[in-house]
Structure formats: C-alpha cells, structure tokens
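The block underneath contains the structure these notes are about, expressed in structure tokens.
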Amino acid sequence: LQQGSGLEAERSRSVSCGTDRDFDGCAQRPVSKASTRGSLATMGDIDAAGAGRVGIVIKSIVREVVAGCAEAGNFVDEVLAAFMVKAVVLDPTTEFKSEAELTEDVIGGLVEECITRLQDTDNVHLLTYKLQVLFERMYVSIDGMAESSAEKTARAVEDIDRSIVMSQARTHIEFEDVYRQMVSSVLLRSEMGPIDDYDVIRECTAAMESVLPLTELGVFMALPMKEKREQLLYLSGIVGGIRLFNKASGKGGRRVPNLTTEVPAMCAQVLADCHDEAVHFAEVALLFCTCEADVQVSEMKERYFAMGAWAQQYVTYAAILHSDAVTIATRVTDLCNRSFELLRTLSAVVSSHAAVPTAEVYPHFIALADLYDKLRVLRGTVANLAVLREKHAEIAKAYTALMVPDVEALTKARSSPRKEAQSGFHLYFTNMYRKSAEALDLLQTVYPSAADLSIATPTEAQATDGASAAVVLDAVDDGIKLNGGADGPLDLLTPGKAHGYDNIALNLGGFCAASAALDPPLLLPADHRLGKVKYDGRFYGFAHRAGAAAFAANPDAHLREVRGTAKKWPELIELLQLHEYFESIVMDSATGLGHTKKQQAPLKCDGGCQTDTHPMESNIVPGYESSEWELRRKAIKLANLRTKKTRSMQTDKSNFRRSTEIQVYAPKDSTTQTRVDAATGVPKPVTFIRGIRGPRGSKATPVEVVDLTLGVGGVALDVRGLRGTSGKGTR
C-alpha cells in the first residue's frame, strides 16, 4: 500500500528519525527526537508488483470506508481509515492477496471488514489505533516546532517585506506609507501584540522613530534589496528589545506577553501531568502483564495483552512528552536567567548616562529580542504538548471504561505481582521521578510557584528495586550461548565493560526480546542493568535471565515470531518500532505476508520556475569604478608613498635571481716542515780583581779586574794577563 489518503497528509506529523513518505507517498515531514523508526503510514507498503494494482484504488477504498462509517453515524478520520485498511491487509486471517484481481467483491469485502472494525467501539485494538494516529498527526518535536515557527513568520512577512524592498518611493506621502509598512513588518516578525491595536502600533512606531526616523528613510531606500532585508531584521531586533526593556522598566510594553513567567508555568504543569499519567498507566500495564502471565485461557490472554498494549503505548507517548517537557524546562530556565541578566545590564548602562551610544545598547536590545523569540517558540511547543496530552486524556477515559470488567483480576494481580515484571517497571518509576524532581527544582529558580506542584512518588519497594544494582548476566553461569544466528554473531555487553553503555538504545521499543516473541506477546520492559545482547547491529534487552539465554540460543526464531505477531496485531509495529521490517511487504499465496528488503523508489515531481522579464541586478556595488586612471589615482593615494621606504631582498626563489658558475682547481699533494726544537747555553760570568795584595806605595801593583768567564762548551780564555812578574810562569 504505497498510496493512502492524502487529504490529511499536510496535517500529519512524523515521529520518525528521518523523512518518510506520508499517505500520499511523497509528502515531506519534519524530523522529531524520537528513536529511529518509520512512519505509521508506511507500515503497509506493498512491493512494486502489488502497488501497481492496489495503489490505483486505495484512495477510493479509504473514501468508501469513511462514507460507510458516516452512514452508520460514526465519523472517522481519513487517516484512521487508511490505517485500518493497512491493518486489514496485514492481518493474515483476512487472506487478502495483492496478486488476486481487484474485483468489486474483493474491494467490497475489504471495505466491509474495515467498517466493521471501525464500528466496534469496545475494541481495545481500535482504541490503540486511535491513540497512535492521534500522536502521529499532532506531535511536533522541539526542533520541528522551531522550524515551523520560522516558516510561519517568513510567510507572514513575505508579502509586506517584498513591498518594502521593491518600493520606489519618492514623495513624502509615499515615504510615510513605506514607514507604516515597516512598522507592520516589525510587529509581525516579533509577535509582540496584535498589529491592529492602536496603542501597540503607536508604541512600536515611537521605538522605531528612535532608531530610524522618518526623515532618514531616504538612506534606507537607497540601499540594495539584499541590504534592505538585512536592515529590516536588524531593525526588528532593536525595536523588539526596546519594547521588552520598556515593559521591564514599567514604561511601556503594552500587550507584550510576559513569557519569563508564562512559559515556566505552562512547562511545570505539563511536566507534572505527564509524570503522573505515565506512572499511573505504567502501573496499569504492570498489572495487566501479571494477569496475562497468570491466566491460561487464550481469549483472556489476548484481552489482557490488548489492554496492556494500550497502556504501554500510552506510557511510551507520555514519556516522549515528559522528555520534551524536561528539555524545555532546562532551556526555559537558561533563557529566563539570560534575559534577567541582560535587563540588569541595560538598566545599569541606561541609568548611568544621560545619552547612551548606540554601540553600547543596540547589541543588548538585539540579544534580548532573540531570547524572547526563542521563548515564544518554546511556548508554542509547550502549548502543543498540553493539547496533545488533553487529547490523550480523552482516549484514556474510554479506555478506563473498558477496564471495568477487569477490576477483580487487577486487584488480585496487585496483591501478588510477578517479580520478573517488576524490575523494569520499578526502574522506570525511579528514573521518571528523578528527572521530574530535577526539572521542577530547576524551574523553581525562575518560577517559585513550581514548588506547589506535587508529583507521584515511588513507593519504598519501587525506590529500592529501582536503585539497587541488578546481577549482571554471565555467559557461562546463565547458559548464554553466543554462537550467533544467520545474520552474524552475538555479543554480550554488560555495565562497566562497554563504552557509553547507558546511551545504547534498545531495539523492540525497549521491551524484553524474549517475552515479545510469545503469542500473545508479554510486554515487559527490559532491565538494562542485566546486560544487552548485540545481534545484527541491533541491541536487545531482557527482563529476566532465562529470557536472555533463550534468545541467545535462537535469535532468528525469536525475531521471526515478533514479526509474525506484529502482522496479527498491527499496533505492535508502532509499539515495538518494527517499521523497518514492514517498509516493503510482498503477498504470497503459500507463505502469506513476508518481509523483503526495502527498495527505494525514485522520487519524481513536476517542477517549474518563473523569471522576471526584466530582472534587476541585486549585486550592484556603489563603489565600482571603471576608469583605469581613476583606479591608479586611488591606489597611489591609498599607498601614500611619501611616508614609505622601498626595500628589496633577493632570495633563492626570487623571480629575478641570476644563474652563475665558478671553476675551482683540485687540491695538490704537498708537504711542509715544522720547526726543530733547540736549546742555547748562557756563559756564567767570572771575574778576578788583581792587585789587592802586595806592596803599597810606589811599588804597589795597580788594581785590575780580570775576566775569567769561560765560553760556552768550555772554550779557554786568554789568560796572559795572569802571569806573574817573577818570571817563573803562571800558577
């Protein structure tokens, strides 16, 4: 079923992690924060061979179902009718085959079966379908709401902004008309009060006069179109910030919502309501799981399964809303604190100066307006969550009425709950309470009245079981055979041994993989503290140790049983997040409905564009100069060479370097002689005084000094002067 009812496609919202096809097969929808799963609209897709036959008449079948229900006095939404058609096609008990010729009898039987199921108001499965379709259509994620709000604002100001930037005003009257349009654009973009309120318009005009007076509008009109649009955004931020500051100062801000008080109050209320409802129906689901496990009658098992499946689906959606509320509470607290800090800064700057430079306050005004815009988007998100919760509560009333026959069984189950079912539920209770308490404590910093809200607290047994550490699975002790299956080996991950263990999302919607394979399934939340089994790139959790061992023994058989039960009860496709297995379905007369690999069909569409007859250039540069000599003059003026020095340097990579060559001679072999060590002797001077002795007087010998120094090497001296007068020779 690749074609569905497209009349409600634009209003439906996706809960998938990606862009899916809507009931028309090609409508694009925003992405939400939910885990990876497909769209409810694609769960009944039939292979290309069947789509060619079934897709031709599917829209007419949906319309006939809606018309048949209307004749019976039950007005059914077309999206719900398309969902029921797909549920009937998926159900193997209907024996609907796409290869059969689509005669009037076959189509009539399909329509009658759909009408019959839609008229059964006491059918719990139908109640679950309504809950899923409602959430599918109305839920919008936080990021999706931000994108939707931005698109809505852009559409609101598109025409008036085009009129402003395309205006060729010349006279004073035309300038006034453009100025009024600019005021309207600022009001539409900021959403600070109705644009038809006289006091709001007058206050906005006064704020804009302080930024851009009417007398200076000619400067704005002379700008290029692109700069005009940028200036309009800039002007909207400044004017919005001025009005917010005036409101905080008590000097204006008429009809400006006080989002710093309104949004935290709404968020706290939605948070408390979602917490209480999630905890209440989680306890109901626990009781029905206990009843289903204890009873032996197949009819009662199916009834308890259907009742528990609705409660589990409600808890899943309430948890998504609760998670969004917690995220919004964190963002709202941060935005409010930043707004208060900006207002204090602006008050200090403005009060200390008689005239404040625009460069000091304009950035603060723009930042204040940006914070207000983010709070406004969060207010829309919280309002949507509140409306969706109220719609869920209306369906919950019908569900509560169907619980009347089961009061006695629930009372008995309350007195003796099953231990293996309590662990995952009690862990859910404690985690939910911890997140709610932390979010409310955070909101109290900006909204003190949040302390007056009361939320359901876990019992002593629930708190003990949720806080205690479970016994981790052991492959040897628990008999877990990690042999693997047809799609690969098995891997056991335990807390403390796997990086980012707590952030690993479980497949099958977080339910026990072994219990989900039963017929009917026993929807027990998995206790991730036990451990997780990785198979074929997916992670599976378990509520008890025996279930882990059974799944590890034959994972392919368990997953096959899970897909088989989803064909019988289509609400499990959304609850267990099995959309990937039903994106492409083929009918076979022998084996029934089987799963095949998805074949992505190419998306085609007819498109067209229209261009202006005389397009105007939007990239005109006012300072462009075509004269070469004028450019030379400006370059010389800009260089200011009178105060500059010219320096040059030549490097190896210089463009003007020269290539030079030199020639050298090879060195010759040569020797040198070093000095010779030598020594010299100095003669020792020796003297003798002659004539000291002898006679005195006239006969005295004259005194004379005789040199007796010997030469170096003992050379004899001339000693003739030493000879005596006696003639006897020398002694």
Side-chain angles (χ1 to χ4, degrees), residues 12 15 34 37-41 43-44 65 69 74 76-77 79-91 93 113-114 116-139 277-278 280-282 284-289 291-292 299-321 388-389 391-406 508-511 516 518-525 562-563 565-579 582:
S12 59
V15 195
R37 54 182 174 180
S39 170
L40 287 171
M43 73 171 190
V65 172
C69 292
N74 183 18
V76 177
D77 187 84
V79 181
L80 179 59
F83 187 95
M84 182 57 70
V85 171
K86 296 179 181 183
V88 172
V89 173
L90 284 173
D91 192 352
T93 61
E113 181 66 22
C114 293
T116 302
R117 296 191 181 189
L118 289 172
Q119 295 300 318
D120 188 6
T121 56
D122 295 336
N123 189 349
V124 185
H125 300 286
L126 178 60
L127 215 57
T128 308
Y129 299 159
K130 291 182 179 180
L131 185 67
Q132 293 175 347
V133 170
L134 177 64
F135 189 86
E136 175 82 4
R137 290 183 53 195
M138 294 191 60
Y139 175 74
E277 291 180 356
H280 169 69
F281 284 105
V284 172
L286 170 61
L287 296 178
F288 275 115
C289 284
C291 294
E292 181 185 352
E299 293 182 359
M300 295 304 300
K301 271 186 173 292
E302 292 185 3
R303 173 173 174 79
Y304 291 150
F305 154 71
M307 298 294 290
W310 186 96
Q312 291 283 18
Q313 188 66 81
Y314 194 96
V315 170
T316 301
Y317 289 155
I320 294 176
L321 301 184
L388 184 54
R389 192 204 63 80
K391 295 291 185 181
H392 284 178
E394 294 178 2
I395 301 179
K397 292 180 180 179
Y399 173 79
T400 305
L402 296 178
M403 288 174 53
V404 175
D406 306 315
L508 300 181
F511 292 98
L518 301 176
D519 188 13
L522 188 61
L523 300 176
L524 299 179
V562 170
R563 294 194 292 267
T565 55
K567 299 170 189 176
K568 187 176 181 180
W569 294 290
E571 63 266 29
L572 292 178
I573 297 176
E574 167 69 6
L575 184 57
L576 300 182
Q577 301 176 13
L578 300 174
H579 301 282
F582 292 90

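If you're wondering where the values come from, they're calculated on a predicted model, not measured in any experiment. We number each residue from 1, following the sequence as shown.
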Quiz item: Taking C-beta and beyond as the side chain, do V562 and P521 meet within less than 4.5 Å on heavy atoms?
Solution: no

Quiz item: Do E277 and Y317 get their side chains close enough for a donor-acceptor pair, meaning under 3.5 Å?
Solution: no

Exercise. For A516 and L576, work out which heavy atoms get closest and say how close.
Key: CB-CD1, 4.4 Å

Self-check item: Minimum-distance pair of heavy atoms, taken over all atoms of L118 and A81
Solution: CD1-CA, 4.4 Å

Exercise. List the atom of P520, the atom of E292, and the distance in Å for their closest heavy-atom pair.
Key: O-OE2, 3.4 Å

Quiz item: Measuring from H125:NE2 to M84:CE, what's the distance to the nearest 0.5 Å?
Solution: 10.5 Å

Quiz item: Are the side chain of Y399 and the backbone of M307 linked by a donor-acceptor contact shorter than 3.5 Å?
Solution: yes

Self-check item: F305: partners by ring-ring contact (aromatic ring centres under 6.0 Å, His included), with sequence neighbours left out
Solution: W569

Quiz item: How many angstroms lie between atom NE2 of H392 and atom CG of L321, to the nearest 0.5 angstrom?
Solution: 6.5 Å

Quiz item: If every non-hydrogen atom of L126 is compared with every non-hydrogen atom of R117, which pair is closest and at what distance?
Solution: CD2-O, 3.5 Å

Quiz prompt | Atom pair CZ (R389) and CD (E394), whose distance is rounded to the nearest 0.5 Å | solution = 10.0 Å

Quiz item: Just how far is it from atom CG of L134 to atom CG of L388, taken to the nearest 0.5 Å?
Solution: 5.5 Å

Quiz item: Is a side-chain N or O of Q312 found less than 3.5 angstrom from the main chain of L523, in a donor-acceptor match?
Solution: yes

Self-check item: Any R137 side-chain heavy atom under 4.5 Å of V79 side chain
Solution: yes

Exercise. Using the six-membered ring wherever Trp is involved, compare the ring planes of Y139 and F135 and label them parallel, tilted or perpendicular (cut-offs 30° and 60°).
Key: parallel

Exercise. For A309 and L575, work out which heavy atoms get closest and say how close.
Key: O-CD2, 3.9 Å

Quiz prompt | T128 side, atom OG1; E574 side, atom CD - distance, nearest 0.5 Å | solution = 11.0 Å

Quiz item: Say you draw a straight line from CG of L524 to CG of L518; how long is it, rounded to the nearest 0.5 Å?
Solution: 8.5 Å

Practice problem: Give me the ring orientation class for F281 and W310: parallel if the planes are under 30° apart, tilted from 30 to 60°, perpendicular past 60°. | Solution: perpendicular

Quiz item: Shortest non-hydrogen contact from C114 to V65?
Solution: CB-CG2, 3.8 Å

Quiz item: Can Q132 and Q313 be counted as having a side-chain donor-acceptor contact under 3.5 angstrom?
Solution: yes

Self-check item: Non-hydrogen side-chain atoms of Y314 and I395 separated by less than 4.5 Å
Solution: no

Quiz item: Do the non-hydrogen side-chain atoms of Y129 and P570 ever get within less than 4.5 Å of each other?
Solution: yes

